[in-house]
Enquirer: 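Questions regarding the structure given below will be posed in turn.
What you see is a predicted model, and the numbers here were worked out from it, not measured in a lab. All ligand and atom numbering here is 1-based and tracks the order in the structure. Throughout, residue positions are numbered sequentially from 1 according to the sequence presented.
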Amino acid sequence: MNPQAAELNAVLQTEGAAALRLLSQKGKAIFFPRKGLVAQGMDAKGKAINASIGEAKEDDGTPLRLAPLASRIELNPADAFSYAPSFGKPQLRDRWAQMMKEKNPSLKDATLSRPVVTNALTHGLSVAGYLFVDEGDSIIVPRHFWGNYRLVFAEAHGAKLETFETFNGDGPEAGFNTAGLEETLLAPGEKKILLLNFPNNPTGYTPTGAEMDAIEAAVLKAAEAGKTVLVMTDDAYFGLVFREGIYEESPFVRFTNLHENVVACKVDGATKEDYVWGFRVGFLTFAGKGLSPKALAALEDKAAGTVRGSISNDSHLAQSLLLAAYDDPAYAGEKARAFALLKERHDAVDAELAAHPEYAQRFVALPYNSGYFMCVRIATGDAEAVRQELLKNYDTGVIALGDLIRVAFSSLPKAQIPTLFANLYAACGNV
Ligand SMILES: Cc1ncc(COP(=O)(O)O)c(C=O)c1O
């Protein structure tokens, strides 16, 4: 093993043993090459003659750049054309950490790693997979999960996705199946990886406060039983909770200081929170009761090493644009506008289903209260046939998932929502 990796593992051994137990073989071997090219480049920074880095410069020392690009970018060229560090742009990492604490008041006094920038959430999940998942490891997820977890974790890292029923009943009044979660966590096995995604894709469900208490209690029980638990939270749709009584903070806050055997890994980013799907900026943040600041920094190094070995570093242009937006006085108001727009569409779905009790003969909504989506269960069970019928005869596109149809209400003007459900009802009657 590379001595720099061994050094990080030695820190974890004494100051974050649970994290060391959870690391995969690749996670144990990875490190950020502080002593290589990057370090030599840092040494050369500010020298009158700097012939160290792989970036071309104009004669005045600013990044060499092409006018058709430069003319479209108002940012300082150094904040757009040059490389960002593999860890991410430092000011953005700190700003995101500060915003995370504002958005999650329970984190006020929590000890967290500094967020490491990833190429948005998919890449963040993939880096977490690299660090923590060995071939044959199970990842516990509710049955309704984002389908791309199959490629990210099962195909790329050989994980098995171990599912439990998402809900404890069939209708819209059902709740989260915390008993199923607990049973799966307490099943045999020393290493447990739990992946929580709320607001959920595809169901649009976020647990209530009481359900979150039960989820936390289940993880604690597993830890007290001697298991080492990694709780990964995919917070892609963070902040989009539309009903009263639903838990509004990230589940991550529950696991940052829970038990020495629990490590929390927060995967989040600007993609959906800031409506920048194509920008590709996400973050990985670690915490855990048994992890000292040095241990957290060792995990940051391992995450940044994984970034360095996959994408090298994330778009500096996108990172700088976001940082500028966060400092813009219009930012908060614009976020509120976007939230209100999505909430209005969510509420329109509620109203439409309430106004048409006959719809329940052909489809029933699963519980939803947040995020971009909601799902309905098709009475005949053949959602794909309904999807085809909607495409062919109703000019309407949705996603079919087994016996469910997923509706992205987030992408529809409010005025189209009644027609969408009327079309769905009619299409269900035709197949
Ligand atoms: C639950 C969930 N996680 C992650 C992502 C991917 O996010 P990103 O575009 O930032 O990679 C999505 C996108 O659809 C998602 O639904």
Enquirer: Under 6.0 Å between ring centres: does that hold for Phe198 and Phe238?
Expert: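 Ring-ring flag for Phe198/Phe238: false, centres at least 6.0 Å apart.
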
Enquirer: Do any nitrogen or oxygen atoms of Phe373 lie less than 3.5 angstrom from nitrogen or oxygen atoms of ligand 1?
Expert: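 No; the residue has no nitrogen or oxygen that sits under 3.5 Å from a nitrogen or oxygen of the ligand.
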
Enquirer: Report yes if some heavy atom in the side chain of Phe87 is under 4.5 Å from a heavy atom in the side chain of Asp301; otherwise report no.
Expert: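 With C-beta onward as the side chain, the pair touches.
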
Enquirer: What residues form a ring pair (Phe, Tyr, Trp, His ring centres under 6.0 Å) with Phe31, not counting sequence neighbours?
Expert: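 None.
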
Enquirer: Do me a favour and list the nearest non-hydrogen protein atom to atom 3 (N) of ligand 1 with residue, atom name and distance?
Expert: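 Sorting protein heavy atoms by distance from atom 3 (N) of ligand 1 puts Asp234 OD2, 2.6 Å first.
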
Enquirer: Are Tyr359 and Phe363 near enough that their ring centres are under 6.0 Å apart?
Expert: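 Yes, ring centres under 6.0 Å apart.
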
Enquirer: Looking only at protein heavy atoms, which one is nearest to atom 7 (O) of ligand 1, and what is the separation?
Expert: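 Heavy-atom neighbour on the protein nearest atom 7 (O) of ligand 1: Leu121 CB, 3.6 Å.
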
Enquirer: Between the side chains of Asn200 and Trp146, does any donor sit under 3.5 Å from an acceptor?
Expert: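 Looking only at side-chain atoms, Trp146 and Asn200 do not form any donor-acceptor pair under 3.5 Å.
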
Enquirer: Show which side-chain atoms of residues 273-282 pair as donor or acceptor with protein atoms under 3.5 Å away, not counting sequence neighbours.
Expert:
residue: Glu273; atom: OE1; partner: Lys103; partner atom: NZ; Å: 2.6
residue: Asp274; atom: OD1; partner: Tyr331; partner atom: OH; Å: 2.4
residue: Asp274; atom: OD1; partner: Lys335; partner atom: NZ; Å: 3.3
residue: Asp274; atom: OD2; partner: Tyr326; partner atom: OH; Å: 2.5
residue: Trp277; atom: NE1; partner: Tyr372; partner atom: OH; Å: 3.2
residue: Arg280; atom: NH1; partner: Trp277; partner atom: O; Å: 3.0

Enquirer: If every non-hydrogen atom of Met100 is compared with every non-hydrogen atom of Pro115, which pair is closest and at what distance?
Expert: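 Closest approach of Met100 to Pro115: CE-CG, 4.3 Å.
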
Enquirer: Does any N/O atom on Thr122 come nearer than 3.5 Å to any N/O atom on ligand 1?
Expert: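 Yes: some nitrogen or oxygen of Thr122 is under 3.5 Å from one in ligand 1.
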
Enquirer: Is the closest N or O pair between Asn201 and ligand 1 shorter than 3.5 Å?
Expert: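 N/O-N/O distance under 3.5 Å: yes.
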
Enquirer: Purely on distance, is any nitrogen or oxygen of His123 under 3.5 Å from one on ligand 1?
Expert: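 In this structure, His123 places no N or O atom under 3.5 Å from an N or O of ligand 1.
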
Enquirer: Does only the side chain of Thr271 get under 4.0 Å from ligand 1, or the backbone, or both, or neither? Count heavy atoms.
Expert: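 Looking at Thr271 and ligand 1, just side chain atoms fall under 4.0 Å.
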
Enquirer: Check each atom of ligand 1 against the heavy atoms of Ala120 and keep those under 4.0 Å away; list them by number with element.
Expert: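 The list of qualifying atoms is 8 (P), 10 (O), 11 (O).
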
Enquirer: Write out the residue and atom name of the closest protein heavy atom to atom 4 (C) of ligand 1, then the distance separating them to 0.1 Å.
Expert: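 The protein heavy atom lying closest is Trp146 CZ3, 3.3 Å.
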
Enquirer: Just to confirm my output: which protein heavy-atom neighbour is closest to atom 14 (O) of ligand 1, and how far is it?
Expert: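 For atom 14 (O) of ligand 1, the nearest protein heavy atom is Lys272 NZ, 3.0 Å.
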
Enquirer: Is ligand 1 under 4.0 Å from a heavy atom in the side chain of Arg280, in the backbone, in both, or in neither?
Expert: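 Arg280 to ligand 1: side-chain contact only, backbone stays beyond 4.0 Å.
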
Enquirer: When you look for heavy atoms under 4.0 Å from ligand 1, do you find them on the side chain of Tyr237, its backbone, both, or neither?
Expert: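 Under 4.0 Å from ligand 1, Tyr237 contributes side-chain atoms alone.
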
Enquirer: Would you say the side chain of Val376 lies within less than 4.5 Å of the side chain of Leu366, judging by non-hydrogen atoms?
Expert: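 Answer no - side chains too far apart.
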
Enquirer: Check ligand 1 against Asn197 and write out every atom of the ligand that is under 4.0 Å from a heavy-atom position of the residue.
Expert: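 Those of ligand 1 that fall under 4.0 Å from Asn197 are 1 (C).
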
Enquirer: Measure centre to centre between the rings of Tyr368 and His346, then say whether the value is under 6.0 Å.
Expert: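 Yes, the ring centres sit under 6.0 Å apart.
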
